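Written below as structure tokens is the structure these notes are about.
Start at 1 with the first residue, then count along the sequence. Please read all numbers here as calculations on a predicted model, not as lab measurements.
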Amino acid sequence: MIMSRIEARRDEDTVTAGPLVERLLGGLPPEAVLTDPGVTASYANDMASFCPAGSPAVVVLPRTVEQVQHVMRTATALRVPVVPQGARTGLSGAANATDGCIVLSLTRMDRILEISPVDRIAVVEPGVVNAALSRAVGEHGLSYPPDPSSWETCTIGGNIGTASGGLCCVKYGVTAEYVLGLDVVLADGRLMSTGRRTAKGVAGYDLTRLFVGSEGSLGIVVRAVLALRPKPPEQLVLAAEFSSGAAACDAVCRVMAGGHVPSLLELMDRTTVKAVNDMARMGLPESTEALLLAAFDTTDPAADLAAVGALCEAAGATQVVPAEDAAESELLLQARRMSLVALEAVKGTTMIDDVCVPRSRLGEFIDGVERISEKYRLTIGVVAHAGDGNTHPTVCFDAGDPEESRRARESFDEIMALGLELGGTITGEHGVGVLKKEWLARELGPVGLEMQRAVKKAFDPLDILNPGKLF
């Protein structure tokens, strides 16, 4: 519906790529405006499966706030949709182009503008790569905790757009908890500042938090003030093997109920363990039904690991292996880091879900996914940020087989339905994008959806910012 309204306006105004590019070049250098169809097509989509993407009219790569403002003023004047993009590592289609749009790639706005050890903040542009920021603040004895799996390539702007998480969320939380303030270019080109640089602040509505996770549908983030923390000690990792997924989930519940605060608590089911073994020959026992990884970055991590190890044994762990140093810890984490690549190798294509359930119902969810796997005769591996209940069921299928692709999509929908039935949410950190629009409506309900659309209309009355996403 949103796209049909936009297309109607564009037809009425008879906007073509020629006048659009002309006006863009009035405030942008030629090298920042890409029009070659072979080049623009490479910006059409992110990494999500089953998400349609259109053909952009032009790709723009600004370097300054003023250039972003010029793009938005041009888009408003000509009623042309704008799709903001970072590194396009997302998994929901939130960065997918629509036909005739301006793709606004922010990757060249990649400066770290300030690092303040006293205020414990960093001020950055949206194109800064997550890992680059982490290394830069590390030189000051600080850390930026959010660490998505794609942290070596994903950008801070993209992380803000989808409210990204990562392995450390169980202790340190997600991106939203580290964004103190934003500079945002609105749909009509005006520049707005939200939030603060201070440790505290409750002046007015929290518009900063509103933009985090909005997937570029309310405005273009051009600068962010991020909270930093003191750099923690090196973490030590423990691996615990279980003869059932239920036992591993019981161990998770025992760890959290016991008041422990691990820096990482990750779970891999038997399908994932087998995929990693097949790809990397890591020597994980074939009898393993579930592998739980726990880590602590406290002043005495060995003592914490011993306590958690005892809880794992009480829950039925068949083997508990604590690392003795950072090098051993890194070896234990390798299996988790290669999980998604290993699952992709099973059939060539994966559809990665992102369902978050209450920790107390994690075991029910994993059992339910196994039933769905059997029903649809598909390989579905589950890896999870078990400490916060954020699971990533990964459907493996042959994209060249239409029947198998259909079953993959249907199994994906059943997994999301299961998550909602268990009191969970359809996404913990990947966002909604195109992939989960229908499910967002189900989760929010009619009143919630109406209010969200009202917020969108207030910020973007012409529906030109990332149209067709979210709802």
ring-ring contact (aromatic ring centres under 6.0 Å, His included) contacts touching residues 421-451 (sequence neighbours left out): His392-His430

Side-chain donor-acceptor pair present, Thr425, Glu443, cut-off under 3.5 Å: yes

Candidate list Val65, Leu465, Val71, Val184, test side-chain contact (heavy atoms from CB on, under 4.5 Å), partner Ile220, passing option: Leu465

Expected output: side-chain Asn45 to main-chain Pro52 donor-acceptor under 3.5 Å: no

Summary of ring-ring contact (aromatic ring centres under 6.0 Å, His included) pairs that have at least one residue in residues 199-233, sequence neighbours excluded: Phe211-Phe459

Any donor-acceptor pair under 3.5 Å from Ser329 side chain to Asp325 backbone: yes

Modelled atom types, side-chain donor and acceptor of Asn466 and Ser217, under 3.5 Å: no

Leu440/Ile426 under side-chain contact (heavy atoms from CB on, under 4.5 Å): CA gap, chis, key distance, verdict: CA-CA 7 Å; Leu440 177 65; Ile426 60 167; 4.1 Å; yes

Distance-only side-chain donor-acceptor flag, Asn96 / Tyr43, under 3.5 Å: no

Test salt bridge (charged side-chain N to carboxylate O under 4.0 Å, His left out) applied to Lys436 and Asp353, step by step: CA-CA 10 Å; Lys436 299 185 176 183; Asp353 212 328; 3.1 Å; yes

Exam field: side chain Gln85 to backbone Leu106, donor-acceptor pair closer than 3.5 Å: no

Side-chain heavy-atom pair Val80, Thr74 within 4.5 angstrom cut-off: no

Pair Phe50 and Phe397, ring centroids less than 6.0 Å apart: yes

No-hydrogen, no-angle side-chain donor-acceptor test under 3.5 Å, Ser263 and Gln235: yes

Steps toward salt bridge (charged side-chain N to carboxylate O under 4.0 Å, His left out) verdict (Glu139, Arg135): CA-CA 7 Å; Glu139 294 177 5; Arg135 294 184 182 112; over 6 Å; no

side-chain contact (heavy atoms from CB on, under 4.5 Å) between Asn159 and Cys154, intermediate numbers included: CA-CA 7 Å; Asn159 293 171; Cys154 66; 3.4 Å; yes

Between CG on residue Leu104 and CE on residue Met109, distance to nearest 0.5 Å: 9.0 Å

Inter- and intrachain pairs under ring-ring contact (aromatic ring centres under 6.0 Å, His included), touching residues 71-111, at least two apart: none

Asn390 versus Asp354, side-chain donor and acceptor atoms under 3.5 Å: yes

